[in-house]
Trainee: 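A single structure is presented below for examination.
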Amino acid sequence: MEAEQAKAKLLAVAEELGHEIRIFTNSANSAASKEISASSSEEPDHFYDLTPEDYYRIMSDRIRAQSQILKTRKMREAEAAARRARITKAVIRVRFPDNYILEAKFQPSEKIESLMHLLMKVVARPDLPFYLYTTPPKERIKDTSKDFYSAGFAPGAIVYFSYDLPKGVAGWPQTGL
């Protein structure tokens, strides 16, 4: 019965805010990562040898970097505007501490505040303070007035959810959703 109520709540929030929302669990990934770490071994020496493909890729990257230097500011701005115009949506995945993942689609010009507003409507304990961060390295998202494109979250990004409470506080939530 709880699952049905949660689905109904998500549908209502998605309809109210006009965003496509999906929920995933990350339990398979955690089991796979344990398996990979247990079977990890060193790569053979030939793995680190430079291949002709590697050489051509490195050289093309250098040539591309040099050609950026030779472009005028107007040309670089026009290219950046063209790249931005091609991106029509930002898919944001929010990972919760209990291995649930919320995926929502936004316009790249929307502010991070809209993600915070969405999370306040769907988390189990909206009364508790929370924050979002990216990793690596762990960097707290402080400026929520930025749009998704300016923050580097378009066309997609993974952000992490955490409650902003000291450890050992009574009422510490076990789940995010």
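Note that this is a predicted model, so its numbers are computed, not measured. We're numbering straight along the sequence, starting at 1.
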Trainee: So do Leu102 and Phe161 actually touch side chain to side chain, heavy atoms under 4.5 Å?
Mentor: no
Trainee: Which heavy atom of Pro108 sits nearest to which heavy atom of Asp147, and what is that distance?
Mentor: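 Taking every non-hydrogen atom into account, O-CB, 3.6 Å.
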Trainee: Measure across Lys111 and Ser145 and return the closest heavy-atom pair with its distance rounded to 0.1 Å.
Mentor: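 The pair with the smallest heavy-atom distance is CD-O, 2.8 Å.
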Trainee: How about Ile101 and Phe96: do any of their side-chain heavy atoms sit closer than 4.5 Å?
Mentor: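 Not touching, per the 4.5 Å side-chain cut-off.
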Trainee: Show, in sequence, the C-alpha distance, side-chain angles and deciding distance for Thr25 and Asn99, and conclude whether the side-chain contact (heavy atoms from CB on, under 4.5 Å) test is met.
Mentor: CA-CA 6 Å; Thr25 58; Asn99 286 331; 6.0 Å; no
Trainee: Flag yes if Tyr160 and Ile112 sit in one hydrophobic cluster, no otherwise; membership is Ile, Leu, Val, Met, Phe, Trp, Tyr, and two members link when side-chain heavy atoms are under 4.5 Å apart.
Mentor: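 In one cluster with Tyr160: Ile112, no.
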Trainee: First locate atom CZ of Arg64, then atom CZ of Arg62, and finally report the distance between them rounded to the nearest 0.5 Å.
Mentor: 13.5 Å
Trainee: Please give me the minimum heavy-atom distance between Ala80 and Tyr149, naming the atom from each residue.
Mentor: O-OH, 4.0 Å
Trainee: Would you mind reporting whether Pro97 and Tyr163 have side-chain heavy atoms less than 4.5 Å apart?
Mentor: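 No, every pair of side-chain atoms sits at 4.5 Å or beyond.
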Trainee: Side-chain contact, heavy-atom cut-off 4.5 Å: Thr135 with Arg95?
Mentor: no
Trainee: Are Ile87 and Phe106 connected into the same hydrophobic cluster when the rule is that any two of I, L, V, M, F, W, Y join if their side-chain heavy atoms are below 4.5 Å apart?
Mentor: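 Looking at the clustering, Ile87 is in a separate group from Phe106.
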Trainee: Step by step, work out the side-chain contact (heavy atoms from CB on, under 4.5 Å) result for Glu110 and Ile92.
Mentor: CA-CA 12 Å; Glu110 285 185 74; Ile92 309 298; over 6 Å; no
Trainee: To the nearest 0.5 Å, how far apart are CZ in Arg84 and OG in Ser150?
Mentor: 5.0 Å
Trainee: Would a hydrophobic clustering, with Ile, Leu, Val, Met, Phe, Trp and Tyr connected at side-chain separations under 4.5 Å, put Val122 with Met120?
Mentor: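 Yes; tracing contacts between hydrophobic side chains, which count when under 4.5 Å, links both residues.
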Trainee: Do Leu119 and Ile23 sit in one hydrophobic cluster, given that two such residues count as connected whenever their side-chain heavy atoms are within less than 4.5 Å of each other, even indirectly?
Mentor: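 In one cluster with Leu119: Ile23, yes.
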Trainee: How are the rings of Tyr131 and Tyr133 set to each other: parallel, tilted or perpendicular (split at 30° and 60°)?
Mentor: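 Plane angle between 30° and 60°, so tilted.
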Trainee: Is the shortest heavy-atom distance from the side chain of Phe153 to the side chain of Val159 under 4.5 Å?
Mentor: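 Heavy-atom side-chain distance check passes, below 4.5 Å.
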Trainee: If Ile, Leu, Val, Met, Phe, Trp and Tyr residues are connected whenever their side-chain heavy atoms lie under 4.5 Å apart, and connections chain through other members, are Ile158 and Leu118 in the same group?
Mentor: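 Looking at the clustering, Leu118 is in a separate group from Ile158.
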Trainee: Taking all heavy atoms of Phe130 and all of Met116, pick out the closest pair and write down the distance.
Mentor: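 Heavy-atom minimum between the residues: CE1-CE, 3.8 Å.
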Trainee: If you take all heavy atoms of Val91 and Lys105, which pair is closest and at what distance?
Mentor: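 Taking Val91 first and Lys105 second, the nearest heavy atoms are CG2-CG, 4.0 Å.
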